[in-house]
Structures are given as structure tokens and as C-alpha cells.
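Just below is one structure, and these are the notes that go with it.
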Amino acid sequence: MITQTERLIIRPFTEQDCEALYLMNSNPAMLKYIPTAAFTSREQAVELFHQVIQADYQQHGFGRWAVEHKADKRVIGFCGPKFIAEFNEVELGYRYFPEYWGTGIGTEAASAALAEFKRFGIEQTIALILEGNLGSEGVAKRVGMHWREQNEFMGHKVNIYAKLL
């Protein structure tokens with residue numbers, strides 16, 4: 001486990017989470033502001049787990065973390081750091097199933113995750129938020145991130161928020 005809050009457990013993803021990874025990456029509502037195509041098979045989630053998430057854990061010592069809801073005993077999204085080579089910076093990223101939107105989960109998990117970043121040698125972080133994603137911008141602001149600039153990422157305009165830790 002990385003950390004926990006009153007409602008959440010934030011931990012590394014395991015292979016048992018591949019179903020949740022599939023659902024997160026095939027849900028059109030969750031992908032509205034994500035510049036990638038929706039998954040069409042569960043094998044894509046297994047590939048994501050092994051070739052991206054585990055590779056990040058091994059290469060950097062950190063990566064996206066599963067967010068497990070204590071009351072529901074299920075993975076409801078992710079929150080955590082990812083090294084973004086295009087910017088040579090570590091991004092705080094987060095995504096949750098729509099039924100948890102507006103419940104404070106995003107801010108709760110982001111605050112708890114940020115509190116652990118220094119333990120992984122992360123001194124500053126950014127959030128890359130596609131233009132129009134006001135919910136994600138709200139989370140970034142509530143955890144003390146400040147707008148830095150507009151840029152492009154994966155062919156899309158993004159607002160970059162930043163925070164020194």
C-alpha cells in the first residue's frame with residue numbers, strides 16, 4: 001500500500017486489477033478528455049498493466065496507483081505519478097468511474113498521493129489537462145496546483161498545472 005484515507009486505499013496496481021483497467025479504458029465517459037482510443041478487448045488491459053504500469057514501476061520506482069474504495073472493496077480509478085518524457089517531468093494523473101464524480105474522491109486521492117511523492121524522490125509535479133476538462137482542473141487547483149501554461153500533448157491542447165512539493 002502507498003497510503004490511505006478515510007475512504008480510500010491507494011496502492012500499486014496488480015494483475016488482479018486488469019478488469020478494472022479494462023473498464024476504465026473502455027468507458028466513453030471516462031475517456032472524454034483522454035487522447036487515446038477506447039479499449040476493445042481485455043487483452044489490451046493486460047498489455048497496459050505489463051508493458052506500461054509495471055514497466056514504470058520498474059524503471060522509475062513509481063507509476064499510476066490503483067484507488068480502491070474501502071466501502072465498495074473495488075478499484076474505482078487511479079491516481080498517481082507518471083514520468084512524462086515529452087516534458088521531462090512527473091505528472092500527477094487521475095481518473096475515476098463516473099459514479100464517483102462530484103463526491104470529493106478526486107481531491108481526497110490527489111492530496112493523499114501528493115503527500116507521498118517526496119518519498120519517491122519527486123520534488124515537483126505537473127498535471128496535463130485537456131482543454132475543457134473543468135473537473136480535473138478543479139481537482140488540480142484544490143490540491144494547490146497553479147496554472148503554468150498552455151501547450152500540446154499527444155496532439156491536443158492541454159492546460160499545464162504545476163506544483164513544487
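Side chains are part of it too, since the values below use all heavy atoms of this structure and drop only hydrogens, waters and symmetry mates.
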**Message:** What I'd like to find out is whether the side chain of Thr125 reaches to under 4.5 Å of the side chain of Met145, using heavy atoms alone.
**Reply:** yes

**Request:** Kindly give the heavy-atom pair with the smallest separation between Ile10 and Ala113, and that separation in Å.
**Result:** CD1-N, 4.3 Å

**Request:** Say whether Gln44 and Asn25, considering side chains only, have a donor N or O and an acceptor N or O under 3.5 Å apart.
**Result:** no

**Item:** Residue that, paired with Glu91, satisfies salt bridge (charged side-chain N to carboxylate O under 4.0 Å, His left out) out of Lys163, Arg64, Lys82
**Value:** Arg64

**Asked** Is a donor on one side and an acceptor on the other found under 3.5 Å between the side chain of Asn27 and the backbone of Ala29?
**Response** yes

**Asked** Would one find more than 12 heavy atoms of other residues, nucleotides or ligands at under 6.0 Å from atom NZ of Lys70?
**Response** yes

**Message:** Set out, in order, the CA-CA distance, both residues' side-chain angles and the distance that settles side chain to side chain contact (heavy atoms under 4.5 Å, CB included) for His69 and Leu8, then state yes or no.
**Reply:** CA-CA 5 Å; His69 197 277; Leu8 308 171; 4.2 Å; yes

**Item:** Worked verdict on Leu31 versus Arg95 for side chain to side chain contact (heavy atoms under 4.5 Å, CB included)
**Value:** CA-CA 9 Å; Leu31 298 174; Arg95 192 181 331 159; 3.6 Å; yes

**Request:** Kindly work out whether a path of hydrophobic side-chain contacts (I/L/V/M/F/W/Y, heavy atoms less than 4.5 Å apart) joins Ile129 to Ile84.
**Result:** no

**Prompt:** How far apart are the closest heavy atoms of Ala20 and Phe97, and which atoms are they?
**Reply:** O-CZ, 4.0 Å

**Message:** I want to check something: taking the side chain as every heavy atom from C-beta on, are Arg11 and Asp17 in contact at a cut-off of under 4.5 Å?
**Reply:** yes

**Distance in Å, Ile122 CD1 paired with Glu89 CD, rounded so as to fall on 0.5 Å steps** = 12.0 Å

**Message:** Within the structure provided, determine whether Pro35 and Leu130 are in side-chain contact (heavy-atom separation under 4.5 Å).
**Reply:** yes

**Request:** Could you please spell out the steps behind the side chain to side chain contact (heavy atoms under 4.5 Å, CB included) verdict for Leu92 and Phe117?
**Result:** CA-CA 9 Å; Leu92 167 67; Phe117 275 28; 3.8 Å; yes

**Item:** More than 12 heavy atoms from other groups under 6.0 Å of CD on Glu99
**Value:** yes

**Item:** Donor-acceptor pair, side chain of Tyr94 and main chain of Gly77, under 3.5 angstrom
**Value:** no

**Item:** Passing candidate, side-chain hydrogen bond (donor to acceptor under 3.5 Å, both in side chains) with Tyr161, options Arg148, Glu149, Glu137
**Value:** Glu137

**Message:** Let me confirm one number: the CD-CD distance from Glu152 to Glu86, rounded to the nearest 0.5 Å.
**Reply:** 12.0 Å

**Prompt:** Can the positive tip of Arg7 be found less than 6.0 Å from the middle of the six-membered ring of Tyr100, inside 45° of the ring normal?
**Reply:** no

**Prompt:** How many angstroms lie between CG in Asp72 and CZ in Arg74, if you round to the nearest 0.5 Å?
**Reply:** 6.0 Å

**Item:** Sidechain-backbone polar pair: Ser26 side chain, Ala38 backbone, donor-acceptor under 3.5 Å
**Value:** no

**Item:** Qualifying residue, where the test is ring-ring contact (aromatic ring centres under 6.0 Å, His included) with Trp65 and the options are Phe13, Phe120, Tyr57
**Value:** Phe120

**Request:** Report yes or no: do Gln150 and Glu131 form a side-chain donor-acceptor pair below 3.5 Å?
**Result:** yes

**Enclosure of His50 NE2 (heavy-atom neighbours >12, cutoff 6.0 Å)** = yes

**Asked** Under a 4.5 Å cut-off applied to non-hydrogen side-chain atoms, are Leu128 and Ile160 in contact?
**Response** yes

**Gap separating the SG atom of Cys79 from the CD atom of Glu116, nearest 0.5 angstrom** = 11.5 Å

**Message:** Can you tell me how far apart CD (Gln54) and OG1 (Thr14) are? Round to the nearest 0.5 Å.
**Reply:** 9.5 Å

**Asked** Do Val158 and Met30 share a hydrophobic cluster (ILVMFWY, side-chain heavy atoms under 4.5 Å, transitive)?
**Response** no

**Prompt:** Any donor-acceptor pair under 3.5 Å linking the side chain of Gln58 with the backbone of Ala55?
**Reply:** no

**Message:** With a 4.0 Å cut-off on N to O distance, would you call Glu108 and Arg142 a salt bridge?
**Reply:** no

**Request:** Following the transitive rule for hydrophobic clusters with a side-chain heavy-atom cut-off under 4.5 Å over Ile, Leu, Val, Met, Phe, Trp and Tyr, establish whether Phe83 and Ile126 coincide in one cluster.
**Result:** no

**Item:** Heavy-atom closest contact (Ala109 atom, Tyr96 atom, distance)
**Value:** CB-OH, 3.2 Å

**Interatomic spacing from NZ in Lys141 to CH2 in Trp147 - rounded to 0.5 Å** = 11.0 Å

**Prompt:** Hey, quick one: are Phe62 and Ile2 part of the same hydrophobic cluster, counting side-chain heavy atoms closer than 4.5 Å, chains of contacts allowed?
**Reply:** yes

**Prompt:** Do Phe87 and Val90 sit in the same hydrophobic cluster, where Ile, Leu, Val, Met, Phe, Trp and Tyr count as joined when their side-chain heavy atoms come under 4.5 Å apart?
**Reply:** no

**Item:** Criterion side chain to side chain contact (heavy atoms under 4.5 Å, CB included) on Gln124 and Leu164, from CA distance to verdict
**Value:** CA-CA 4 Å; Gln124 60 184 32; Leu164 292 173; 3.1 Å; yes

**Asked** Do Ile53 and Leu21 have side-chain heavy atoms sitting under 4.5 Å apart?
**Response** yes

